[in-house]
Number of protein chains: 2
Amino acid sequence: MLRDQKKEVQALQDTIYVLGGKWRLPIINSICNGNHRFREIERSIPGITTRMLSRELKLMEINDILRRTLDPDAPGQVRYESTEYCFSFGPVIAEMIRWGTAHRKRVISQRKKEGI
Amino acid sequence: MLRDQKKEVQALQDTIYVLGGKWRLPIINSICNGNHRFREIERSIPGITTRMLSRELKLMEINDILRRTLDPDAPGQVRYESTEYCFSFGPVIAEMIRWGTAHRKRVISQRKKEGI
DNA sequence: CGGTATCCTGCTGGATACTG
DNA sequence: CAGTATCCAGCAGGATACCG
């Protein structure tokens with residue numbers, strides 16, 4: 001029993017480590033939602049800078065979470081694509097979106113109660 | 001469609017914000033797993049310091065994620081308990097544990113392939 | 001379009017010691 | 001047991017400018 005708990009904590013920490021930071025998950029989500037060009041991804045994520053996007057994309061490419069290719073149809077154009085591995089985050093992301101959505105509703109209705 | 005995407009990104013970022021940092025999720029997980037005393041929680045999370053635990057507990061209490069009470073059965077003893085709200089993280093945590101576990105297996109089997 | 005290069009700030013979190 | 005207090009480093013991440 002205690003063994004399992006330690007493993008759970010470690011698994012959690014592993015996930016936090018890999019998905020760590022403000023931008024990783026939003027980037028994955030953006031690409032999985034059909035954004036493939038650099039500027040396109042950038043525009044889809046409010047607040048991100050080119051610097052952070054560039055950096056994170058590079059790291060995630062190294063970690064086999066996504067793939068950078070040159071678009072054969074458009075000369076000199078770059079495409080970012082999710083790998084199969086990337087899709088394994090699907091359920092995690094889905095649950096986080098669900099939670100965030102519910103949370104926002106809760107906060108808003110709380111403000112109403114307090115008359116703000 | 002594009003509207004939904006923005007909302008998704010925002011929901012994701014909200015969740016990341018609330019669960020942010022290295023320790024929040026492991027702490028929630030620990031308490032939900034039956035640890036209620038300060039030292040108990042501390043021991044269950046490898047690497048955490050008293051300082052970080054203390055700080056995070058305080059913040060999470062403010063945010064209604066957990067509750068601090070004095071144990072009526074044991075004088076001067078403190079109990080940390082999860083609130084109902086805290087349980088809403090359940091699915092998120094479960095998915096993250098699942099992912100982390102699978103990831104670790106993957107990394108290990110990859111190392112074997114590479115003969116490391 | 002698809003990025004780099006610099007420069008800089010602040011916060012996260014580690015180490016350690018101490019308290020009632 | 002249940003924390004506080006201090007001090008400090010590193011790096012995540014912001015702002016801005018520039019490049020082929």
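Please read these numbers as outputs of a predicted model, since none were measured by experiment. Below, each value reflects all heavy atoms present in this structure, side chains not excepted, and no hydrogens, waters or symmetry copies. Note on naming: letters A, B, ... go to the chains in the order of the sequence lines (proteins, then strands), and numbering restarts at 1 for each one.
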side-chain N/O B:Lys58 vs D:dG3 OP1/OP2, d < 4.0 Å =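 No, B:Lys58 has no side-chain N/O under 4.0 Å of OP1/OP2 on D:dG3.
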
OP1 or OP2 of C:dC1 under 4.0 Å from side-chain N/O of A:Tyr80 =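 For C:dC1, neither OP1 nor OP2 has a side-chain N or O of A:Tyr80 closer than 4.0 Å.
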
Would A:Leu19 and A:Phe89 count as a side-chain contact (heavy atoms from CB on, under 4.5 Å) if you check the C-alpha gap in whole Å, the side-chain angles of each, and the deciding distance to 0.1 Å?
-> CA-CA 9 Å; A:Leu19 297 179; A:Phe89 293 115; 3.2 Å; yes

Side chain to side chain contact (heavy atoms under 4.5 Å, CB included) partner of A:Arg79, chosen from A:Ile31, A:Asp73, A:Asp71 =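 The residue from A:Ile31, A:Asp73, A:Asp71 that satisfies side chain to side chain contact (heavy atoms under 4.5 Å, CB included) with A:Arg79 turns out to be A:Asp71.
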
Does the salt bridge (Lys or Arg N to Asp or Glu O under 4.0 Å) test come out yes or no for A:Glu56 and A:Arg24, once each step is laid out?
-> CA-CA 7 Å; A:Glu56 295 299 307; A:Arg24 238 97 112 181; 2.7 Å; yes

Output the rounded distance in Å from [atom1] ([X]) to [atom2] ([N]).
| X | N | atom1 | atom2 | answer |
| --- | --- | --- | --- | --- |
| B:Glu40 | D:dG3 | CD | C1' | 16 Å |
| B:Leu53 | C:dA15 | CG | C1' | 16 Å |
| A:Phe38 | C:dC1 | CZ | P | 10 Å |
| B:Ile45 | C:dG14 | CD1 | C1' | 16 Å |
| A:Asp71 | C:dG3 | CG | C1' | 17 Å |
| A:Tyr17 | C:dT12 | OH | P | 19 Å |
| A:Leu57 | C:dG3 | CG | C1' | 10 Å |

Contact class for B:Arg79 vs. all strands (heavy atom < 4.0 Å): base, sugar-phosphate, or nothing?
->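 Answer is nothing: B:Arg79 stays at 4.0 Å or more from every strand.
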
Reckon A:Glu42 touches a base, only the sugar-phosphate, or nothing at all at heavy-atom distances under 4.0 Å?
->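 No contact.
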
Any ion pair linking B:Lys7 and B:Asp14 (charged N to carboxylate O, less than 4.0 Å)?
->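 A salt bridge is absent here (no side-chain N lies under 4.0 Å from a carboxylate O).
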
Taking NZ, NE, NH1 and NH2 as the nitrogens, is one of them in B:Arg67 or B:Glu84 under 4.0 Å from a carboxylate oxygen of the other?
->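 Judged by the 4.0 Å cut-off on N to carboxylate O distance, B:Arg67 and B:Glu84 do form a salt bridge.
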
Scan side-chain atoms only and decide if A:Glu42 and A:Asn35 contain a donor-acceptor pair under the 3.5 Å cut-off.
->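 Absent: no donor and acceptor within the cut-off.
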
Using a 4.0 Å heavy-atom cut-off, write out nucleotides 7-18 of chain D from 5' to 3' as B (base contacted by protein), S (sugar-phosphate only) or - (no contact).
-> B----BBBB---

Under the side chain to side chain donor-acceptor pair (under 3.5 Å) rule, collect the residues that match up with B:Tyr85, sequence neighbours excluded.
->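 Here the qualifying residues are A:His103.
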
